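Remarks on the structure that follows.
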Amino acid sequence: MQAVNTPIQENEKLNANTNEAERKPSGAEQMNDSAAKVGKTVGKPFAKHPKMTMRNVDVFYGDKQAIHDVSLDIGKNEVVAMIGPSGCGKSTFLRCLNRMNDTIEICKVSGEIKLEELDVYHPKQDVVPLRARVGIVFQKPNPFPKSIYDNVAYGPRIHGLVERKTDLDEIVENSLRRASLWEEVKDRLHAPGTGLSGGQQQRLCIARTIAVSPEVILMDEPCSALDPIATAKIEELITELSEKFTIAIVTHSMQQAARVSHRTAYFHMGKLVEVNDTKRVFTNPEHELTEAYITGRFG
Amino acid sequence: MDKKSMERHISHKFDEDLEQLKNMVLKMGGVVEQQIADAVKAVESADSELAEKVIRVEDEVDLKEVELDEACTSVLACRQPAASDLRMVLAITKMTRDLERMGDEAQKVAKMAIALQDSGSKGYEEARHIGALVQKMVNTVLDAFARFDVDQALEVARTDKEVDREYKSAMREIVTYMMEDPRAITRSMNILWTLRAIERIGDHARNIAEHVIFLVKGTDVRHTSLQEIERRIGKA
């Protein structure tokens, strides 16, 4: 892991310079004909108060490069949506943020990924405490085959966050409340989590994630298996959670990105094409590829 | 991102919907354009028959406005357009309103033509020059929309300044007439109202030009000077 020296304070300056850099593509980019239209990321990839900073991230699956030189910040208490066609690398990129790709043997990540000052890919970094700080919610709700209570209590228990049963009760209740699930399950906390509806299971997974008080929550298409009502509840939840947490969400629903996020990042063939304020992206995107994708002209 | 030379949507039906909206606007524009031409001609030559025709057409224009609003609502509800598609639908709803207002102003001019003939006086030759300018604006702005052409839209905004100048100088001249001969006051006031209505049509054409710039460039240029518009869209 090479240490790239990019002080966070420089971010604003970097943002200001992206447009200038766009006009002079590097030699490597000029050589890559297939993605010639992509070029340097346009817009505002950097945040004023970054919680996570990613710089020049490359990801390879064996010989195949899945992510090309992506630099992006996720600001504190910000919701950043990542959109793009299937196979564009958005999920791969998201999974780098808490090293979910570690289990894939042929997956190699290079570049810099930092959670505040912590080097996420430092060889000595243990993934368990890392994932307590950067939680993840997946596409399919995957509660443990345990009771609702134990699902939420699991994280605090294994991380040794509580000493007394009453403290644990409090964490479980608070987490379920914050996940807007408490009222629906308070009378059956010891029923199996798998007995809940899909939307409830997903909120249970969110409760499980926030029970260990993470700083960042990653969401990988959290609503794609849910109906519109359950989706609306999760989206409402995302807005509420952003007051306390920093959220990065990968979604196939552009309307969802438009509804919940502050900034939207558009990925295309492993490259980060454009990052801009969500309002800008959906009314007047800067890059023609973003425009083509969000207006449904991609083909 | 410029709305020009865009590829087609994956959904063929969406392309058709948008194309249909565009055609509806151009059709409505065509009717209003003819209405204005007839109104100006009617007032120049005190032709009340032509003026009656202008007034009759108004119902058709109103109906087209309602139909266009319905079509836009349906595209917004069913397609959730984004980016340049969204700007196009929004621009069309506003353009429709301006076109309808143009029709109203043309109707005012036509009513003046009828009043003229009733009073037995000859036509207002004075309306010819400013009328021709405004007709050119309306024609150009519809063309600008059909081709998503910002340069043509800018030309309309420029012509509007000329129309404003013409209107002001005509006003000064008419005031002089009125001072010289109080018997000319009624006729002079009628001329003023006619010119005023024609000048308003020019303002609406300029509004439409601004909507065209918004839909192509994504920049809202309402309530700004011509120089500022040119600066914002990089044409200065």
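Nothing here was measured: the structure is a model prediction, and the numbers come from that model. Residue numbers begin at 1 in each chain, while the letters A, B, ... track the order of the sequences.
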Taking every heavy atom of B:His9 against every heavy atom of A:Arg297, the minimum-distance pair comes out as CE1-NH2, 3.0 Å
| message | Taking atom NZ as the centre, does A:Lys51 end up with more than 12 heavy-atom neighbours from other residues, nucleotides or ligands that are less than 6.0 angstrom away? | response | yes
In terms of heavy-atom contacts, does NZ of B:Lys94 have more than 12 from other residues, nucleotides or ligands at under 6.0 Å? yes
Check: Just wondering, more than 12 heavy atoms not from A:Arg259 lying within 6.0 Å of its CZ?
Finding: yes
Minimal heavy-atom distance between A:Ile294 and B:Ala83, with the atoms involved, is CD1-CB, 3.7 Å
Sorted by chain and residue number, the ring pair (Phe, Tyr, Trp, His ring centres under 6.0 Å) partners of B:Phe145 (sequence neighbours excluded) come out as none
So OG1 of A:Thr295 and CG of B:Leu86: to nearest 0.5 Å the spacing works out to 11.0 Å
